[in-house]
Amino acid sequence: MTLPAAIGFLTAVHRGAGQVPQGTFASLGHRADTRDDIDGDTLFTSLLHTGAPEGARARGRGSALVFAGELYNQGELRSVLPRGTDPADDAGLVLALFDHYDLHAFRLLNGRFAALVHTAGRVVLATDHAGSVPLYLTAAPGRVLAATEAKALRDAPGGRPLAAARPVRRLPGVHQVPAGTVLEIALGTGDCTAHRTWTPQLSRRILPEKEAVEAVRRSLERAVRARTGQETPLVVLSGGIDSSSVAALAALGRGGPIDTVSMGTDDADEFPEARVVADHIGSTHSEITITTAELLRRLPHAVRAAESLDPDIIEYLLPLTALYLRMGGAGRRILTGYGADIPLGGMHREDRLPALDTALSHDMATFDGLNEMSPVLSGVGGHWSTHPYWDREVLDLLVSLEAGLKRRYGQDKWVLRAAMGDLLPAQTVLRPKLGVHEGSGTTSSFSRLLTGAGVGEAGVHHAKRLVVQELFDEVVVAGRDPDEVDTAQTVQLVADRLARSSPVIA
């Protein structure tokens with residue numbers, strides 16, 4: 001397994017003539033432009049690829065598919081195809097399934113992807129179960145444009161309102177495809193229908209401890225194995241239970257050394273904790289220190305990559321974005337422990353089980369559109385990241401476990417800790433939860449930047465939201481290069497505005 005054939009795309013389907021806009025991407029990659037004529041319609045595609053663009057496109061009789069990302073259950077999918085059908089790549093596999101099941105094919109896929117199918121006067125747009133590769137569109141009668149980054153559509157012709165999709169702030173007519181959803185668009189009229197392909201589990205399963213622990217270990221092993229292949233994997237390692245579990249399973253599956261990397265700042269780091277794990281599993285380990293000043297300068301890059309307006313999410317993602325930008329070198333396949341806290345309630349730090357499951361249910365109902373799993377975060381450095389905890393099967397299992405398996409014997413994420421007890425040092429298994437933004441000092445440094453500009457403590461979170469909105473308008477809506485955007489200047493602008501409008505908050 002190498003990098004996916006394509007990590008992003010911009011497409012335009014026209015009834016008759018038309019052309020694709022020259023959209024920009026934050027992800028690094030080669031561009032390949034193609035044109036397909038299908039029954040009087042024209043499909044223009046601009047693929048962001050890693051060297052083999054043909055593996056991201058498939059043609060059938062009267063249909064064409066564009067695919068960015070990768071699948072993790074190819075064997076199962078091939079088993080349901082008619083005898084003699086043997087597609088060579090993920091794109092061909094998805095189109096063969098589509099020919100067999102139509103849009104219901106997307107209910108079978110376990111992967112990290114965005115896809116477009118053009119067939120029989122309609123356009124079908126699909127995301128994976130978690131929407132982990134964001135997909136945006138603008139649609140009007142006779143025209144559908146779609147892209148894996150919203151900024152690629154900022155100069156596209158305006159589209160009609162779509163009740164089935166989420167409008168993107170300050171980009172008129174641009175909408176985001178919901179996670180786990182297929183949008184079916186009639187090309188002639190622009191009418192849009194949504195079909196859900198996945199929803200988070202609402203019921204909870206009561207399992208004996210041993211059975212739950214074995215199920216978690218088995219599903220996570222499979223998810224890590226499906227994401228590594230034969231090449232040496234690189235795991236982002238903090239020394240916490242989430243990332244350490246992924247690193248240990250990757251090393252176990254490979255049967256030899258893997259690469260690990262840790263990131264810290266001059267304000268805080270988790271290097272000693274990560275070293276304990278790296279020494280235990282025998283990984284080739286490196287440490288990258290990023291100054292607080294550099295970290296904060298990367299805020300525009302994080303907003304541009306994530307295309308999110310949530311300041312908390314941007315804080316979580318900023319250390320990762322800064323790390324990927326600093327790493328450089330040839331594109332790597334990177335595994336992370338990111339996302340485990342949502343299905344396991346890891347950030348919930350009290351013993352009341354009803355409150356834990358309420359928090360978990362809320363997080364699973366509201367993750368969509370935050371883009372915190374977006375591959376563009378690593379794509380800004382030319383890498384491809386993937387997150388085993390948000391594998392469809394792992395997520396289905398973790399979400400469904402009753403709260404007492406997640407908070408047990410005074411430990412958060414107990415079932416995961418128990419599942420990994422034989423592979424990790426005891427001090428790692430027992431280590432309390434610390435978020436990546438906490439371990440790197442991101443939250444405190446961003447807060448200090450605002451208070452230093454004159455924002456009062458009570459107004460810091462509100463000010464962070466306004467700063468992220470300003471940056472979004474600059475680097476996504478206006479299309480500015482993030483290197484040209486001064487974070488400190490934006491912070492001061494927001495602080496001055498708050499002081500004029502609400503001196504008490506500022």
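Checked for salt-bridge contact, Lys406 and Asp412 miss the test: no charged N lies under 4.0 Å from a carboxylate O. Look at Arg408 and Glu402 and you find a salt bridge, because one of the NZ, NE, NH1 or NH2 atoms lies within 4.0 Å of a carboxylate O, short of that distance.
Counted within 6.0 Å of CZ on Arg205, heavy atoms from surrounding residues, nucleotides or ligands total 12 or fewer; the atom is thus considered open. Atom CZ of Arg352 has 12 or fewer heavy atoms from other residues, nucleotides or ligands within 6.0 Å. Other residues, nucleotides and ligands place no more than 12 heavy atoms under 6.0 Å from the NE2 atom of His362.
Across every non-hydrogen atom of Arg431 and Arg417, the tightest pair is O-NH1, 2.9 Å. For the residue pair Tyr72 and Gly111, the shortest heavy atom distance occurs at CD1-CA, 3.6 Å. Closest of all the heavy-atom pairs between Gly369 and Gln176 is CA-OE1, 3.9 Å. The two residues Glu273 and Ser238 make their nearest non-hydrogen contact at CB-O, 4.2 Å. Considering every non-hydrogen atom in both Thr24 and Arg304, the closest pair reads OG1-NH2, 4.4 Å. Heavy-atom minimum distance, Ala223 versus Val394: CB-CG2, 3.7 Å.
Between Asp341 and His348, the side chains place no donor N or O within less than 3.5 Å of an acceptor N or O (distance only, hydrogens not considered). Defined by atom type and a distance below 3.5 Å, a donor-acceptor pair is present between the side-chain atoms of Trp384 and Glu70. Side-chain atoms of Thr487 and Arg297 form no donor-acceptor pair, as typed in the model, at a separation below 3.5 Å. No side-chain N or O of Arg298 forms a donor-acceptor pair with one of Thr321 less than 3.5 Å apart. Under 3.5 Å, the side chains of Ser132 and Arg112 contain a donor-acceptor pair of N or O atoms. Under 3.5 Å, the side chains of Arg333 and Thr228 contain no donor-acceptor pair of N or O atoms. Side chains of Asp259 and Ser283: a donor-acceptor N/O pair is absent below 3.5 angstrom, by distance only. Residues Asp128 and Trp198 have side chains that never bring a donor and an acceptor to within less than 3.5 angstrom of each other. With no hydrogens or angles considered, no side-chain donor-acceptor pair links Asn371 and Ser308 at under 3.5 Å.
The distance from the CG atom of Leu370 to the CG atom of Asp312 is 9.5 Å, given to the nearest 0.5 Å. Taking CG from Leu125 and OG1 from Thr11, the interatomic distance works out to 7.0 Å, rounded to the nearest 0.5 Å. To the nearest 0.5 angstrom, Leu65 atom CG is 7.5 Å from Phe67 atom CZ. Distance check: Ser244 OG to Asp242 CG gives 8.5 Å after rounding to the nearest 0.5 Å. Between Leu398 atom CG and Ile342 atom CD1 the span is 11.5 Å, to the nearest 0.5 Å. In this structure, CD on Glu457 lies 6.0 Å from OG1 on Thr451, to the nearest 0.5 angstrom.
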Report the C-alpha separation of Arg332 and His383 in whole Å, then their side-chain angles, then the decisive distance to 0.1 Å, and conclude whether the side-chain contact (heavy atoms from CB on, under 4.5 Å) test is met.
-> CA-CA 5 Å; Arg332 294 292 303 268; His383 310 291; 3.8 Å; yes

Show your reasoning for whether side chain to side chain donor-acceptor pair (under 3.5 Å) applies to His129 and Asp396.
-> CA-CA 10 Å; His129 63 285; Asp396 281 342; over 6 Å; no

List the steps and the verdict of side-chain contact (heavy atoms from CB on, under 4.5 Å) for Val168 and His175.
-> CA-CA 5 Å; Val168 177; His175 296 74; 5.7 Å; no

Could you walk me through whether Asp473 and Arg170 pass the salt bridge (Lys or Arg N to Asp or Glu O under 4.0 Å) check?
-> CA-CA 8 Å; Asp473 286 346; Arg170 296 289 301 278; 2.9 Å; yes

Please assess Leu162 against Leu137 for the test side-chain contact (heavy atoms from CB on, under 4.5 Å), listing each intermediate value before the final yes or no.
-> CA-CA 10 Å; Leu162 299 175; Leu137 77 149; 3.6 Å; yes

Salt bridge (Lys or Arg N to Asp or Glu O under 4.0 Å) between Arg217 and Glu221, worked out | CA-CA 6 Å; Arg217 173 67 170 266; Glu221 277 185 347; 2.9 Å; yes

May I have the step-by-step check of side-chain contact (heavy atoms from CB on, under 4.5 Å) for Lys413 and Arg407, ending in yes or no?
-> CA-CA 6 Å; Lys413 295 189 283 195; Arg407 183 77 187 185; over 6 Å; no

Before giving the answer on side chain to side chain donor-acceptor pair (under 3.5 Å), spell out for Arg107 and Thr197 the whole-Å C-alpha distance, their side-chain angles and the decisive distance to 0.1 Å.
-> CA-CA 5 Å; Arg107 295 192 169 101; Thr197 56; over 6 Å; no

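Remark: aromatic rings of Phe367 and Trp390 are close, center separation under 6.0 Å. Between Tyr338 and Tyr389, the ring centre distance reaches or exceeds 6.0 Å.
In this structure, Glu184 contributes its side chain and His195 its backbone to no donor-acceptor pair below 3.5 Å. Remark: the backbone N or O of Asn110 is paired with a side-chain donor or acceptor of Asn73 at under 3.5 angstrom. Of the possible polar contacts, one joining the Thr181 side chain to the Ala179 backbone as a donor-acceptor pair under 3.5 Å is found. Checking side-chain atoms of Arg166 against main-chain N and O of Ala163 turns up no donor-acceptor pair under 3.5 Å. Formation of a donor-acceptor pair under 3.5 Å by the Ser245 side chain with backbone atoms of Ile241 is found in this model.
Residues Met327 and Ile334 are in side-chain contact: their nearest non-hydrogen atoms beyond the backbone lie under 4.5 Å apart. For the pair Ser385 and Leu377, the minimum side-chain heavy-atom distance is 4.5 Å or more. Taking the side chain as every heavy atom from C-beta outward, Pro134 and Thr127 never approach each other to under 4.5 Å. Inter-residue side-chain proximity for Ile288 and Ser262 is flagged as unmet; no heavy-atom pair is nearer than 4.5 Å. Between Ser444 and Asp267 there is a side-chain heavy-atom pair separated by less than 4.5 Å. Contact annotation: the side chain of Phe446 approaches that of Lys464 to within less than 4.5 Å [non-hydrogen atoms, C-beta and beyond]. Within the 4.5 Å cutoff, the side chain of Arg154 has no heavy atoms near those of the Val174 side chain. Contact annotation: the side chain of Glu76 never approaches that of Leu108 to less than 4.5 Å [non-hydrogen atoms, C-beta and beyond].
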